[in-house]
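One structure is given here, and the rest of the page talks about it.
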Amino acid sequence: EEKETLRTKVMLKLYDIYSAGSLYSYASRVLTMTDLEKGFLKMIVSSEKCSTVGAGIDAAEWDPVPTDEVFRKETGIDGKYLLYSGRLATNKGLEHLFAAMPSILKDFDGQLVVLGKDWGMKTALVEQAQKGGFEKKVRFIDFLPDRSLYKSALAGCELFVLPSQWEAFGIVLLEAAMCRRPVVATTVGGVPEVVKRGETGSLVAYGDSKALADAVTGLLGDAERMKRMGDEGRRLALEKHTWAKVVDRILESYGEALK
């Protein structure tokens with residue numbers, strides 16, 4: 001995995017130097033999704049050319065706030081659950097979440113719902129749950145194309161967990177926020193620009209299963225704090241991360257480029 005990551009970094013760096021750099025030189029403005037991306041570009045394009053515009057969600061789709069009834073009726077889940085939603089892939093850090101589950105389940109009378117397409121990880125995760133003695137506490141659900149069902153799944157969880165090795169942004173974190181769900185995620189990629197540590201959720205280092213377990217159990221033990229985080233997450237998403245706000249920033253950047 002580390003060799004693959006290094007190879008990918010080298011390939012991207014070569015692309016930036018020999019191809020992207022020449023293209024950027026012709027641009028009056030370069031729009032980035034995160035400040036992190038802006039930092040990546042600083043060696044090949046001047047910071048004055050770059051504007052961070054972000055990514056967003058459709059506010060109307062999440063108004064009113066979704067409820068959990070549809071998901072529970074469809075799946076038969078009637079108790080508390082933690083939720084992960086995304087690809088079951090090697091870069092999503094699910095093995096670290098599963099390593100944290102025995103500790104989490106000591107004080108959490110619920111289950112983990114893993115929602116998403118299997119990209120080759122499911123068999124290993126099932127085996128990990130079996131070895132950890134919590135296979136009956138994990139529910140795997142395939143990708144939900146029905147948006148109302150997907151939103152209902154987010155609405156019903158106690159909190160949302162995203163233990164990824166890398167996320168360019170993390171739209172799913174905004175979707176959880178729109179359901180007023182606090183999150184526990186890793187300090188990777190653009191995640192810290194979406195999740196405000198201690199305000200809308202908790203952030204931990206990638207691969208640290210103990211820190212992940214501590215963050216989850218810490219939130220689960222404080223319902224009032226989770227509610228505050230959920231409310232603040234939705235407020236910030238509506239304030240900064242709707243597509244209308246993104247478009248405003250894009251138009252502002254275009255206007256500056258045309259001066």
Side-chain angles (χ1 to χ4, degrees), residues 33-34 36-37 54-63 65-68 70-71 75 77 81-98 100 112-119 121-122 125 139-197 199-204 206 212 215-216 219 226 229-243 245-246:
M33 191 163 59
T34 62
L36 179 73
E37 290 177 330
I57 38 86
D58 178 4
E61 184 185 11
W62 302 87
D63 186 20
V65 178
T67 61
D68 61 350
V70 176
F71 179 70
T75 62
I77 294 174
Y81 63 91
L82 308 176
L83 179 67
Y84 163 84
S85 178
R87 293 178 292 112
L88 277 61
T90 55
N91 67 321
K92 291 297 185 177
L94 285 166
E95 69 273 24
H96 304 300
L97 174 57
F98 275 55
L112 170 66
V113 173
V114 179
L115 172 59
K117 277 287 184 186
D118 180 20
W119 280 43
M121 280 289 291
K122 184 176 179 180
L125 292 173
R139 177 77 176 269
F140 290 94
I141 298 176
D142 202 352
F143 171 74
L144 297 176
D146 184 328
R147 288 290 290 175
S148 62
L149 191 55
Y150 168 68
K151 290 186 290 183
S152 184
L154 282 169
C157 70
E158 296 298 300
L159 57 83
F160 182 80
V161 187
L162 190 67
S164 303
Q165 180 186 34
W166 180 258
E167 292 286 342
F169 187 84
I171 289 291
V172 68
L173 296 167
L174 293 181
E175 295 175 333
M178 292 303 287
C179 291
R180 293 199 174 102
R181 297 298 88 195
V183 302
V184 174
T186 44
T187 51
V188 300
V191 170
E193 297 182 43
V194 182
V195 179
K196 301 302 178 185
R197 187 194 298 267
E199 297 179 27
T200 67
S202 295
L203 295 174
V204 301
Y206 167 74
L212 187 62
V216 170
L219 288 183
M226 285 204 298
M229 285 182 166
D231 290 343
E232 180 65 5
R234 182 175 169 92
R235 187 192 71 78
L236 283 176
L238 289 171
E239 180 183 296
K240 297 182 178 181
H241 298 297
T242 65
W243 282 121
K245 300 290 186 180
V246 173

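Model, not experiment: these values are computed from the prediction.
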Name the one of Thr186, Val188, Val191 that satisfies side-chain contact (heavy atoms from CB on, under 4.5 Å) with Leu203?
Val191
Rounded to the nearest 0.5 Å, what separates atom [atom1] in [X] from atom [atom2] in [Y]?
X	Y	atom1	atom2	result
Glu95	Leu125	CD	CG	7.5 Å
Lys117	Phe143	NZ	CZ	8.0 Å
Tyr84	Leu97	OH	CG	9.5 Å

So, using ring pair (Phe, Tyr, Trp, His ring centres under 6.0 Å) as the criterion, who are the partners of Phe160 when residues are at least two apart?
none
Excluding sequence neighbours, so at least two apart, what forms side chain to side chain donor-acceptor pair (under 3.5 Å) with [X]?
X	value
Thr187	none
Arg235	Glu232, Glu239
Ser164	Glu167

Could you check Val184 against Leu159 for side chain to side chain contact (heavy atoms under 4.5 Å, CB included), going step by step and ending with a plain yes or no?
CA-CA 7 Å; Val184 174; Leu159 57 83; 4.2 Å; yes
Strictly distance-based, threshold 3.5 Å: is any side-chain N or O of [X] a donor or acceptor partner for the main-chain N or O of [Y]?
X	Y	value
Lys245	Gly54	no
Tyr81	Ala153	yes
Arg139	Thr75	yes
Ser152	Thr67	yes

For Lys196, enumerate each residue passing the salt bridge (charged side-chain N to carboxylate O under 4.0 Å, His left out) test, keeping only those at least two apart in sequence or located in another chain.
none
All N/O donor-acceptor pairs, side-chain side in residues 168-180, below 3.5 Å, sequence neighbours left out:
| from | atom 1 | to | atom 2 | distance (Å) |
| --- | --- | --- | --- | --- |
| Glu175 | OE1 | Tyr150 | OH | 2.5 |
| Glu175 | OE2 | Arg147 | NH2 | 3.4 |
| Arg180 | NE | Asp231 | OD1 | 3.3 |

Identify the heavy atoms of Phe71 and Leu149 that sit nearest to each other, and give their distance.
CA-CD1, 3.6 Å
As a quick check of understanding, evaluate side chain to side chain contact (heavy atoms under 4.5 Å, CB included) for Phe140 and Leu88, giving each step before the final call.
CA-CA 10 Å; Phe140 290 94; Leu88 277 61; 4.0 Å; yes
Begin with the C-alpha distance, continue with both residues' side-chain angles, and end with the deciding distance and a verdict on side chain to side chain contact (heavy atoms under 4.5 Å, CB included) for Ile57 and Thr242.
CA-CA 5 Å; Ile57 38 86; Thr242 65; 4.2 Å; yes
Using side chain to side chain contact (heavy atoms under 4.5 Å, CB included), reason through Met121 and Lys92 one step at a time and then give a plain yes or no.
CA-CA 10 Å; Met121 280 289 291; Lys92 291 297 185 177; over 6 Å; no
Within the 4.5 Å heavy-atom criterion, are Val70 and Asp146 side-chain neighbours or not?
no
